Amino acid sequence: MEKNLALVDCNNFFVSCERVFRPDLEGKPVIVLSSNDGCAIARSNEAKALGIRMGEPWFKVKDLPKYRDVVVFSSNFPLYSDLSNRVKYLLADFSPVQEVYSVDESFLDLTGFDDVKERMVAIRETVAKRIGIPVCVGVGPTKTLAKLANYVAKKHPRSKGVFHYNVLTEQQKSGLLKQIPIDEVWGVGRRLNRSLISRGIETVYQLREADIRTMRSRYGVVMERLISELRGISCIDMVDVSPPKKQILSSRSFGGVITEIDDLENAIAFHATKIGKQLRRQHSIAGMVHVFLMTDRFRKDKPQYHPHVSLPLIDATNSTIEINRYAMMGLHRIFRPGYEYRKAGACVSELSPESVFSPDMFTDPKRRKIMQVMDEINDRFGNGTLRLSQDDMMHRRWRPKVDRVSPRYTTSWDELAECQ
DNA sequence: ATCTGGCTAGGAC
DNA sequence: CTAACGGTCCTAGCCAGAT
């Protein structure tokens with residue numbers, strides 16, 4: 001039996017989050033910048049219409065006269081994740097099967113409901129009314145077609161934000177797919193797009209009708225699945241609980257040039273702390289720690305150095321202290337004076353469930369207690385109350401640039417109070 | 001003959 | 001004032017070496 005899989009996608013999500021608390025920005029060009037106020041990573045429809053591209057480095061174009069009235073925000077992730085959670089919880093009411101796909105997207109299985117179209121409209125209206133975020137809903141027999149239906153819902157004003165692919169006739173489906181360029185398909189990125197076009201495949205219809213054996217031998221299983229999905233044969237299942245991560249990475253570009261080892265220590269300690277917290281939250285322990293540094297890859301005139309080191313942990317752990325200890329060893333191993341560093345990061349891999357850990361006779365159980373106590377104190381009195389000595393907020397000279405961040409309206413009483 | 005880890009490519013958002 | 005281009009995560013496919 002044909003499924004009704006829905007993809008609910010928030011429109012221009014980060015911009016919409018900013019607009020929830022700034023309704024005066026409705027109808028205006030608004031963008032949100034990446035970390036360090038680097039690139040445009042969310043754009044309102046007005047900003048898109050002006051020609052601002054996804055991922056565009058803002059400093060390069062911000063002085064163009066046509067962008068004079070663009071309203072610019074630094075990214076405010078505490079705000080976006082909070083609103084993201086609220087949307088997720090609301091959506092859960094509309095189906096027993098939900099897969100949270102990303103910060104702004106959920107799949108919902110609407111199979112078996114006899115009021116699919118009404119539900120799609122209700123989802124849109126409820127999220128708009130209760131949270132103030134505009135969403136579009138697409139329904140199809142497979143995840144790939146649900147995503148495509150969502151694209152149609154977003155693109156065509158006549159759909160009013162919802163599009164139900166399954167109720168089309170075969171002729172209508174083909175007609176629709178003939179109008180959609182292949183790079184709108186989930187899984188077709190820049191490279192595949194170019195390669196397919198060079199073989200004369202330009203529309204989703206042509207891709208759906210392509211010979212699946214040839215395509216598989218040329219492009220691999222991913223392409224085979226993709227084409228099957230376009231034909232309505234489901235190959236990508238819904239996953240209800242997201243599996244634990246297999247690697248956790250934390251990195252940041254610096255606000256300016258960094259040359260000193262103690263500043264790098266400060267940055268790496270910050271990343272180790274973040275990673276430890278995340279590991280414990282998902283009840284994993286790590287077997288390997290990686291550290292890397294980077295100079296400015298855009299400055300071809302300066303000496304480049306992009307070292308990376310991986311250290312196996314003797315005992316797998318999720319202790320911030322242990323991870324930091326190894327990360328510091330790694331940092332000192334790769335650091336070379338005389339370079340202008342622009343970015344540093346740490347990563348853990350070889351993750352396994354906490355329950356696997358079997359303390360041997362040399363492992364002091366008290367040491368594991370320390371992290372528990374640290375988490376409790378920081379939860380109660382705020383992050384950074386108890387921290388690594390190197391992770392000192394007052395000496396974060398590497399701090400990324402954040403010029404235009406909005407208040408954390410929903411997660412900080414202090415910042416809410418500062419609003420008029 | 002098969003499994004494994006290391007590595008690169010490509011992609012999503 | 002000036003310099004300035006993000007951060008995280010995943011799978012497939014290939015190769016070499018180990019079992």
Side-chain angles (χ1 to χ4, degrees), chain A residues 7 9-15 31-43 52-63 72-77 80-81 84 100-107 143-144 147 150-151 182-196 216-226 235-236 239 242-258 267 270-271 274-275 278 282 284 287-288 290 292 294-302 308 310 312 340 342-351 400-403:
Chain A
L7 177 68
D9 190 320
C10 301
N11 303 351
N12 317 328
F13 183 54
F14 297 167
V15 163
I31 63 171
V32 174
L33 299 180
S34 63
S35 168
N36 221 14
D37 291 346
C39 305
I41 52 168
R43 306 154 297 153
I52 303 174
R53 287 172 327 201
M54 184 61 170
E56 183 145 43
W58 183 237
F59 77 93
K60 280 186 163 181
V61 297
K62 72 183 177 57
D63 292 324
V72 181
F73 287 95
S74 302
S75 39
N76 182 348
F77 280 98
Y80 310 149
S81 358
S84 168
V100 176
Y101 176 67
S102 75
V103 67
D104 73 328
E105 287 169 78
S106 279
F107 287 102
K143 283 175 153 185
T144 304
K147 282 217 123 198
N150 190 286
Y151 161 81
I182 41 166
D183 60 345
E184 297 301 338
V185 175
W186 194 28
V188 178
R190 263 216 327 269
R191 292 290 298 268
L192 261 183
N193 186 237
R194 254 188 295 146
S195 171
L196 289 169
R216 161 152 193 168
S217 63
R218 205 167 278 161
Y219 294 103
V221 270
V222 176
M223 179 58 76
E224 182 182 29
R225 282 202 285 256
L226 199 157
C235 303
I236 308 172
V239 280
S242 56
K245 299 203 169 107
K246 297 177 176 179
Q247 53 176 323
I248 296 172
L249 181 145
S250 175
S251 69
R252 208 109 316 174
S253 297
F254 305 141
V257 160
I258 290 292
F270 169 88
H271 296 306
K274 258 192 68 179
I275 288 170
Q278 260 204 82
Q282 72 163 27
S284 295
M288 190 89 91
H290 316 257
F292 62 91
M294 292 176 70
T295 48
D296 190 340
R297 65 195 159 105
F298 297 103
R299 293 293 299 267
K300 305 290 186 210
D301 54 323
K302 298 224 162 156
H308 173 278
S310 305
E340 298 187 343
R342 286 304 309 215
K343 180 173 177 168
C347 178
V348 290
S349 61
E350 319 268 276
L351 306 195
K401 197 165 75 167
V402 186
D403 277 349

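Being a predicted model, the structure only gives us computed values, none of them experimental. Per chain, numbering begins at 1; letters A, B, ... match sequence-line order.
The shortest non-hydrogen separation linking Lys246(A) to Leu351(A) is O-CG, 3.5 Å.
Mapping Arg297(A) and Arg216(A) onto DNA chain C by nearest heavy atom places Arg297(A) at the nucleotide closer to the 5' end. Heavy-atom distances to DNA chain C give each of Ile248(A) and Gly38(A) a nearest nucleotide, and the one nearer the 5′ end belongs to Gly38(A).
No engagement by Val103(A) is indicated, since no non-hydrogen atom pair under 4.0 Å with the nucleic acid exists. At the heavy-atom level, Lys60(A) lies under 4.0 Å from base atoms of the strands shown. Within 4.0 Å (heavy atoms only), Lys62(A) reaches at least one base atom of the nucleic acid. Across all strands, Asp104(A) comes closer than 4.0 Å only to sugar-phosphate atoms, never to a base (heavy-atom distances). Using a 4.0 Å heavy-atom distance criterion, Glu56(A) is classed as making no nucleic acid contact. Across all strands shown, Leu33(A) has no heavy atoms under 4.0 Å from either base or sugar-phosphate atoms. Using a 4.0 Å heavy-atom cutoff across all strands shown, Tyr101(A) reaches sugar-phosphate atoms only and no base atom. Among the heavy atoms of the strands lying under 4.0 Å from Lys246(A) are primed sugar atoms or P, OP1, OP2 only; no base atom is included. Using a 4.0 Å heavy-atom criterion, one finds that Trp58(A) contacts no nucleic acid atom at all. Gln278(A) comes within 4.0 angstrom of sugar-phosphate atoms only, judged by non-hydrogen atoms across all strands, and of no base. Ser75(A) comes within 4.0 angstrom of no nucleic acid atom, judged by non-hydrogen atoms across all strands. Within the 4.0 angstrom heavy-atom criterion, only backbone atoms of the sugar-phosphate kind lie near Arg299(A); the bases stay farther away.
Listed pair Lys401(A) / dT2(C) fails the phosphate criterion, with no side-chain N or O lying under 4.0 Å from OP1 or OP2. Not one side-chain nitrogen or oxygen of Arg194(A) sits closer than 4.0 Å to the OP1 or OP2 atom of dG10(B). Dashed line: the shortest gap from a side-chain N or O of Ser251(A) to OP1 or OP2 of dT8(C) is under 4.0 Å. Phosphate contact (OP1/OP2 of dG7(C), side-chain N/O of Ser253(A), threshold under 4.0 Å): present. Between Arg252(A) and dT8(C) there is a side-chain polar atom (N or O) within less than 4.0 angstrom of OP1 or OP2. Taking only side-chain nitrogens and oxygens, Ser35(A) comes nearer than 4.0 Å to OP1 or OP2 of dG7(C).
Taking every side-chain heavy atom of Arg191(A) into account, dG10(B) is the closest of dC10(C), dA4(C), dG10(B). The listed nucleotides are dC10(C), dA12(C), dC5(C); the one nearest the side chain of Cys39(A) is dC5(C). Here the nucleotide nearest the side chain of Phe298(A), chosen from dG11(B), dC5(C), dT11(C), is dC5(C). Comparing dC9(C), dA4(C), dA12(C) by their closest approach to the side chain of Arg342(A) singles out dA4(C). Each of dG7(C), dC5(C), dT8(C) was ranked by its minimum atom distance to the side chain of Lys274(A); first place goes to dT8(C).
If you take CG of Asp63(A) and C1' of dA4(C), they are 11 Å apart, rounded to a whole angstrom. One can place CD of Glu340(A) at 17 Å from C1' of dC5(C), the figure rounded to the nearest angstrom. A straight line from CZ of Phe73(A) to C1' of dG6(C) spans 19 Å, rounded to a whole angstrom. Atom CE in Met288(A) sits roughly 13 Å away from atom C1' in dC7(B) (whole-Å rounding). If you measure from atom NE2 of His290(A) to atom C1' of dG5(B), you get 13 Å, rounded to the nearest angstrom. When rounded to the nearest whole Å, the span between CZ of Arg225(A) and C1' of dG13(C) equals 13 Å. Between the OH atom of Tyr219(A) and the P atom of dG11(B) there is a distance of 10 Å, rounded to whole Å. When rounded to the nearest whole Å, the span between NZ of Lys245(A) and P of dG7(C) equals 16 Å.
Interatomic distance, Glu56(A) CD to Lys60(A) NZ, rounded to the nearest 0.5 Å: 8.5 Å.
A donor-acceptor distance shorter than 3.5 angstrom exists from the side chain of Ser84(A) to the backbone of Val103(A), with no hydrogens or angles considered.
Figure legend: cation-pi geometry between Lys143(A) and Phe107(A), with NZ or CZ positioned under 6.0 Å from the six-membered ring centre and within 45° of its axis.
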Check step by step if side chain to side chain donor-acceptor pair (under 3.5 Å) holds for Ser74(A) and Asp37(A).
CA-CA 6 Å; Ser74(A) 302; Asp37(A) 291 346; 2.7 Å; yes

Hey, mind stepping through His290(A) and Ser349(A) against side chain to side chain donor-acceptor pair (under 3.5 Å) and telling me if it holds?
CA-CA 8 Å; His290(A) 316 257; Ser349(A) 61; 2.7 Å; yes

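Ring-to-base geometry does not place Phe59(A) in a stacked arrangement with dC5(C) (centre distance under 5.5 Å, plane angle under 30° required).
Between His308(A) and Met294(A), every side-chain heavy-atom pair lies at or beyond the 4.5 Å cut-off.
Phe77(A) and Phe14(A) have perpendicular rings, their planes meeting at more than 60° on a 0 to 90° scale where under 30° would count as parallel.
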